[in-house]
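Labels below follow one simple rule: chain letters A, B, ... track the order of the sequence lines, proteins then strands, and each chain is numbered from 1. In this text, all values refer to a predicted model and were calculated from it rather than measured experimentally.
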Number of protein chains: 2
Amino acid sequence: MDELNFKGKLYLQVGDIRAIGPGRVELLERINSTGSIRQAALQMQMSYRQAWENVDEMNSVFAEPLVTSVRGGKGGGKAEITTKGLQLIKLFKEVHSSFQEFLQEQTLKIEC
Amino acid sequence: MDELNFKGKLYLQVGDIRAIGPGRVELLERINSTGSIRQAALQMQMSYRQAWENVDEMNSVFAEPLVTSVRGGKGGGKAEITTKGLQLIKLFKEVHSSFQEFLQEQTLKIEC
DNA sequence: GGCAGTTATGTTTAATGAGGTATAACGGTT
DNA sequence: AACCGTTATACCTCATTAAACATAACTGCC
């Protein structure tokens, strides 16, 4: 057969706003490991601006910020993921994982 | 709490091409009930061209067409969904339905 | 105080895509 | 043969989005 498969996208929304998706989770994780929005952006070959805008929207849409940042100082500045941010990363990744399983199941059902 | 919810999108792909999503299913259903691409497009306040392009891509990406059409003749022309098309509509709607359930479950889990 | 490296933001330019318009092709109906 | 409503397709314009460029603000360190 030709490769018929179910695929999809998952978002964690706050109201109607797509607050978190796979890309933003990756961004958050890279910020977490590098301590820098700029370095995270570079790793994902994304412009700093785009990365910052993503962070800004995430911070503004939740009650607590997911990323805290300071400018100036040692290294020029830094960014850090809050515990709330870490929680949301974990939550999203778990659900995303079982979402992928779901898609896989449904795809396998086709060729029965 | 604020309204934190999981949302997502589902696609039935052929290879890497998104062949069918919710919008196209609705389009196919309206073509089926009206017998006309134009009328279906009007109902969805979509341009005829956009509707036709959707149909064209679906037809070309599957081995068999999902929509057959004739031009001229009584009424100026007509369009019809093939049995293959009907099968795919059914398949997608079933999976989409359980996908929505999945999202609902995951959303409920948040507020535990 | 100047430097370094980053956060934060404004402005401008390029690219992508959506949408409108136009028109041909078609065949039953009159 | 002219008409009608639809399928089918080309083309051009405009708006929205994405990318690029530029610059300010900040603070530990030398």
In numerical order, the residues of residues 43-60 of chain A whose heavy atoms come under 4.0 Å of DNA chain C are A:Tyr48, A:Arg49, A:Trp52

Give, ordered by number, those residues of residues 73-82 of chain B having at least one heavy-atom distance below 4.0 Å to an atom of DNA chain C; if nothing qualifies, reply none. B:Gly73, B:Lys74

Contact summary for [X] and [Y], nearest pair of heavy atoms:
X: A:Pro22; Y: A:Leu10; answer: CD-O, 3.5 Å
X: B:Leu27; Y: B:Val55; answer: CD2-CG2, 4.3 Å
X: A:Ile110; Y: A:Leu4; answer: CD1-O, 3.9 Å
X: A:Thr82; Y: A:Pro65; answer: OG1-O, 2.9 Å
X: A:Ala51; Y: A:Ala41; answer: CB-CB, 3.7 Å

N-O pairing of A:Arg49 and A:Glu53 below 4.0 Å: yes

Do A:Glu26 and A:Arg30 meet the salt-bridge criterion of a basic N to acidic O distance under 4.0 Å? yes

Per-pair distances, 0.1 Å, donor-acceptor, side chain in residues 88-103 of chain B, under 3.5 Å, sequence neighbours excluded:
from, atom 1, to, atom 2, distance (Å)
B:Lys90, NZ, B:Glu94, OE2, 3.2
B:Lys93, NZ, B:Glu29, OE2, 2.6
B:Ser98, OG, B:Val95, O, 3.1

Got a sec, which residues hit ring-ring contact (aromatic ring centres under 6.0 Å, His included) with A:Tyr11, two or more places apart in sequence or on another chain?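 Residues passing ring-ring contact (aromatic ring centres under 6.0 Å, His included) with A:Tyr11: none at all.
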
First-last contacting nucleotides on DNA chain D - partner chain A, under 4.0 angstrom, heavy atom: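 That gives a stretch of D:dA19 to D:dG28.
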
Is [Y] reachable from [X] through a run of hydrophobic residues whose side-chain heavy atoms are each under 4.5 Å from the next?
X: A:Tyr48; Y: A:Val67; value: yes
X: A:Leu28; Y: A:Leu42; value: no
X: B:Trp52; Y: B:Met46; value: yes

Quick one, which residues of residues 16-27 of chain A touch DNA chain D with a heavy atom under 4.0 Å? none

